[in-house]
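Naming: A, B, ... by sequence-line order, numbering from 1 per chain. Quick note: numbers below take in every heavy atom, side chains included, and nothing from hydrogens, waters or symmetry partners.
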There are 2 protein chains.
Amino acid sequence: MATSNIEIAQLAELRPITRIAERLGIPDEELEPYGRYKAKVSLRHLRTLREKPRGRLVLMTAVSPTPAGEGKTTTTVGLGDALSRIGERAMICLREPALGPVFGMKGGAAGGGYAQVVPMEDINLHFTGDFSAIAIATNLLAALIDNHVHHGNALGIDMRRVTWRRVLDVNDRALRDAVIGLGGPSNGYPREDGFDIVVASEVMAIFCLATDLADLKERLGEIVVAYRRDRTPIRARDLQAHGAMAAILRDALAPNLVQTLEHTPAFVHGGPFANIAHGCNSYLATDSALRMADYVVTEAGFGADLGAEKFVDILCRTTGLRPDVAVVVATVRAMKYHGGVEVADLALPDVAALERGTSNLIRHLKTLRETWGIPTVVAINHRAEDTDAETAALVAAAQSVGVTAVVAKHFAEGGAGAEDLAREVVRLCDERAAETGDEASALRFTYSDDATLWRKMSAIATRIYGASEITASTAVRAQITRLQDEGYGGYPVCVAKTQYSFSTDPKLRGAPTGHVVDIREVRLAAGARFVVMICGDIMTMPGLPAVPAANSIDVDDQGRIVGLF
Amino acid sequence: MATSNIEIAQLAELRPITRIAERLGIPDEELEPYGRYKAKVSLRHLRTLREKPRGRLVLMTAVSPTPAGEGKTTTTVGLGDALSRIGERAMICLREPALGPVFGMKGGAAGGGYAQVVPMEDINLHFTGDFSAIAIATNLLAALIDNHVHHGNALGIDMRRVTWRRVLDVNDRALRDAVIGLGGPSNGYPREDGFDIVVASEVMAIFCLATDLADLKERLGEIVVAYRRDRTPIRARDLQAHGAMAAILRDALAPNLVQTLEHTPAFVHGGPFANIAHGCNSYLATDSALRMADYVVTEAGFGADLGAEKFVDILCRTTGLRPDVAVVVATVRAMKYHGGVEVADLALPDVAALERGTSNLIRHLKTLRETWGIPTVVAINHRAEDTDAETAALVAAAQSVGVTAVVAKHFAEGGAGAEDLAREVVRLCDERAAETGDEASALRFTYSDDATLWRKMSAIATRIYGASEITASTAVRAQITRLQDEGYGGYPVCVAKTQYSFSTDPKLRGAPTGHVVDIREVRLAAGARFVVMICGDIMTMPGLPAVPAANSIDVDDQGRIVGLF
């Protein structure tokens with residue numbers, strides 16, 4: 001029987017986190033240990049790093065996700081370890097796992113096999129409490145809204161137009177739609193409300209975009225939580241909520257340092273949804289890692305059409321981060337799935353289906369290389385059942401658009417299995433450095449800052465998704481026009497759509513063209529400073545499956561966690 | 001202008017928590033630091049302490065609370081520091097502050113003046129995340145209930161009889177009563193529900209009663225969350241929830257070690273409500289402290305009729321803890337309040353009112369000494385405006401029932417101001433040790449284990465509250481009889497009533513007699529293993545005031561928390 005992720009993780013010999021920090025030049029007094037193997041790096045230390053040059057940034061992204069799982073986190077870890085093995089000073093940056101999915105369908109999210117970040121159980125189960133702090137900040141703001149109305153509503157909040165929702169880090173479908181404030185005058189005014197999962201909170205997005213504590217507080221103050229009858233906005237600042245929210249988040253904002261199984265330093269920090277939010281780990285983690293290491297592998301959510309697009313058009317645009325190279329994780333299974341094979345049959349060889357499915361990969365590669373101008377390599381995350389013919393077909397497909405595809409076996413072999421990938425990453429970076437001295441100018445965005453919100457959405461849909469056009473109801477169009485008129489036209493657009501397809505239909509695999517992207521709803525994220533356009537059905541509060549992972553997660557009398565995968 | 005609590009705390013020179021732990025004989029590898037000044041002591045280390053003898057246990061309690069605040073936490077800190085100053089190896093044990101009240105009315109709860117536990121901001125703001133872990137465990141169980149019904153309800157849960165409520169660590173009156181599960185079939189079945197504050201959760205009570213991780217998990221499994229149509233119970237175990245809940249709570253269960261301003265070691269761990277739950281910090285904290293120190297001062301919630309009664313009848317009864325001495329905190333202000341003076345006039349001298357108000361103190365003293373047999377001392381928590389005549393009257397009142405009252409000035413002077421109190425505590429302990437060799441036999445409970453639930457409640461009401469009788473509606477009586485018949489008759493009773501009066505009417509100050517205690521509702525806490533009897537109006541989810549403390553709490557650009565009192 002194969003060794004499970006948690007067994008491998010629990011057998012690992014970890015180094016004290018103080019030693020990992022020492023190698024990064026973090027002074028002892030700037031490290032806030034959380035137990036022996038986790039630590040936060042002080043914001044004060046991060047400030048001292050700002051003058052240091054940034055190392056090379058590797059953006060880890062993937063083909064459109066499939067039920068088989070592509071192993072993006074695993075490949076981030078494997079590549080980090082491989083870069084360390086070939087002598088580079090490397091770090092990796094990951095998102096923190098949300099507890100909801102850990103107890104739901106997904107299980108752990110700290111890599112897999114011999115490519116994991118550890119201590120795996122801690123990272124998966126409450127970790128350093130960041131998400132709880134984010135949930136409390138979000139829910140405090142919500143309580144202050146209803147409390148303000150209860151005590152006389154001096155600001156004139158229109159109870160029908162409260163947009164701020166509460167959050168929990170639990171998958172709980174029963175809380176999606178609720179009526180609160182029942183029970184009579186002492187409990188406030190009844191109104192419709194609902195809960196999202198914590199990763200969908202705008203506070204999470206702000207947390208991951210903030211450049212420092214002052215920026216965090218400023219953005220928290222800008223959050224629009226409700227409107228008056230005359231449609232003028234009520235902000236968190238109007239409720240004097242942002243100071244207390246920032247106070248709750250102060251400690252959480254310092255990035256969490258852990259290590260891989262092979263002792264490569266890893267920041268695991270923040271974790272916004274890649275649909276309703278921008279899907280990247282915290283700016284502070286990735287930026288600080290770049291000041292301490294020569295290579296930083298940072299992971300963006302879902303496929304390149306969502307996570308990488310937002311990494312480029314939201315995060316890079318507003319912070320000056322620039323990826324030197326992108327790695328697209330693809331698997332033989334995922335390509336067969338995109339070629340039409342059903343999940344149950346994915347283990348069977350099928351070169352023809354695989355070739356059809358590479359259309360998905362190829363569109364992502366074109367986006368990365370041609371639209372955005374990022375040198376790109378494909379990482380074929382290897383599984384034992386992959387046939388040589390299948391792998392060769394996948395390599396050939398990538399080569400057809402001028403991209404090298406490298407087989408990586410880090411899941412089974414750790415960093416040693418991803419050395420070829422690491423060497424190709426270094427080669428691409430060297431090549432790029434030789435060609436373009438000025439990194440900043442090399443990245444091209446999907447749209448310019450001064451395009452209208454409508455044109456921005458249109459550019460993403462047609463250039464990245466292959467759609468023919470975008471549509472919206474009269475009401476949604478009016479809403480977009482209003483946001484444009486109110487001065488939010490300069491914000492980037494954050495598209496919330498299914499991750500499973502370039503289109504808004506999760507069943508359309510491969511690389512659909514000519515489809516229409518309908519904007520169902522528009523939401524202003526004034527603190528995150530982007531406009532969310534919701535296209536298709538998007539779930540901001542997942543449910544638990546019939547047999548949740550929680551049923552098998554347990555702790556034995558010695559305190560060992562079992563049943564976490 | 002007087003120096004504020006947070007200013008004093010921020011000016012303090014803290015010792016590294018590793019040094020505090022060293023003095024307690026905690027090996028380095030058994031200490032899990034959370035930053036530089038907080039740490040968790042491993043459960044493994046606690047196991048090694050079990051063979052060591054327990055030191056002397058000082059129970060800190062108080063007169064019935066008044067709006068003026070009596071300073072029980074402050075006195076716990078001051079006495080701990082004073083014991084250290086006179087050469088005793090002392091520790092203190094406190095409850096963790098809940099965030100809800102910190103952002104509501106109460107502000108911080110880490111002591112005050114020169115008698116505080118530090119780092120004060122950390123302890124008040126999210127600390128080591130224990131309460132968030134407890135909230136997640138509670139809410140995961142709730143989600144598993146609704147999820148079970150959604151997926152077919154194999155257990156036959158009667159949706160109208162779900163008793164398990166969700167929790168948040170936010171004061172949010174709008175969540176007291178809600179209808180959830182709205183929005184159609186994919187969101188489950190609509191039902192009435194509501195949120196409590198996290199300190200009201202049965203998980204919090206279990207957390208604070210558990211003797212180790214195995215006991216914690218066992219008790220979590222026993223929680224009754226709902227009933228079938230035939231009234232048979234559904235337990236957390238039936239939903240396979242308890243393993244995952246224990247896994248979430250594993251790290252939290254290790255007590256949090258911090259220090260006072262004068263470097264006395266302090267466990268700050270757990271914090272159940274003293275009405276709906278038993279109101280004492282965790283058993284593991286107090287018991288472990290007793291194995292490491294010669295004197296341990298542990299604080300119970302509210303006045304002696306609630307916190308101390310539960311300490312004795314629930315915690316001591318089930319765990320074998322035995323207090324050697326009790327300290328009752330009283331203030332000149334509180335006595336005047338109980339004597340009928342209005343809050344605005346409390347600063348004015350009024351010996352006559354004070355003498356009337358000492359009826360409250362005297363009843364608590366009689367309970368402690370005569371009913372339970374605990375040697376007792378009164379700590380007069382001094383304020384600058386107290387007159388000599390008032391203090392003398394308070395001392396005389398205590399002496400009238402044979403109890404010494406000692407003026408303590410720790411708020412202004414730190415431990416030095418409470419040395420007289422410390423000496424009296426030591427004297428009482430020595431005296432007791434000389435009189436009774438066998439500590440365990442000395443404590444008398446309010447009722448015996450084998451009394452019926454009704455008789456237990458009656459004993460508390462008549463012997464502790466001075467009531468003439470207890471009453472209940474036919475429905476409540478039937479419920480009590482059913483619990484008795486179902487085998488819960490052996491459990492202790494946990495009374496939820498107002499903390500402001502011996503009666504169930506918060507306006508009845510002093511020491512009312514002849515009042516009737518009506519049992520409004522009965523709840524089974526099968527995991528905590530007590531039966532809650534709710535008498536009068538009890539709020540399990542507080543609201544925020546018109547001007548919440550959150551409005552003034554802030555963090556500056558250097559990361560310094562301001563506005564926390």
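Only the side chain of Arg47(A) comes within contact range of chain B, with heavy atoms under 4.5 Å apart. For His148(B), no part sits under 4.5 Å from any heavy atom of chain A, backbone or side chain. If you measure heavy-atom distances from Asp146(B) to chain A, the contacts under 4.5 Å come from the side chain alone. When heavy atoms are compared at a cutoff of 4.5 Å, Leu43(A) does not approach chain B at all. Only the side chain of Leu213(A) comes within contact range of chain B, with at least one heavy atom under 4.5 Å from a heavy atom of that chain. Residue Phe131(A) does not touch chain B at all, counting heavy-atom pairs closer than 4.5 Å. Looking at Leu99(B), only its side chain comes within 4.5 Å of chain A, counting heavy atoms on both sides. Using a 4.5 Å cut-off between heavy atoms, Val170(B) contacts chain A through its side chain alone, with no backbone atom that close. Of the two parts of Ser552(B), neither the backbone nor the side chain holds a non-hydrogen atom closer than 4.5 Å to a non-hydrogen atom of chain A. When heavy atoms are compared at a cutoff of 4.5 Å, Ala246(B) approaches chain A by way of both its backbone and its side chain. Heavy-atom distances place the side chain of Pro548(B), and not its backbone, under 4.5 Å from chain A. Neither the backbone nor the side chain of Asp212(B) comes within contact range of chain A; no heavy atoms are under 4.5 Å apart.
Scanning residues 135-145 of chain B against chain A with a 4.5 Å non-hydrogen threshold yields Ile136(B), Asn139(B), Leu140(B), Ala143(B), Leu144(B), sorted by number.
With respect to Glu30(B) and Arg36(A), no salt bridge is recorded, no charged nitrogen being found less than 4.0 Å from a carboxylate O. Classification of Asp130(B) and Lys40(B) as a salt-bridged pair holds, one side-chain N sitting under 4.0 Å from a carboxylate O. Salt-bridge annotation for Lys217(B) and Asp556(A): absent, with no side-chain N of the basic residue lying under 4.0 Å from a carboxylate O of the acidic one.
When Ser186(B), Ser42(B), Ala214(B) are compared by the number of non-hydrogen pairs under 4.5 Å with chain A, Ser186(B) comes out ahead. Ranked by non-hydrogen atom pairs under 4.5 Å with chain A, the options Glu192(B), His242(B), Glu32(B), Arg173(B) are led by Arg173(B).
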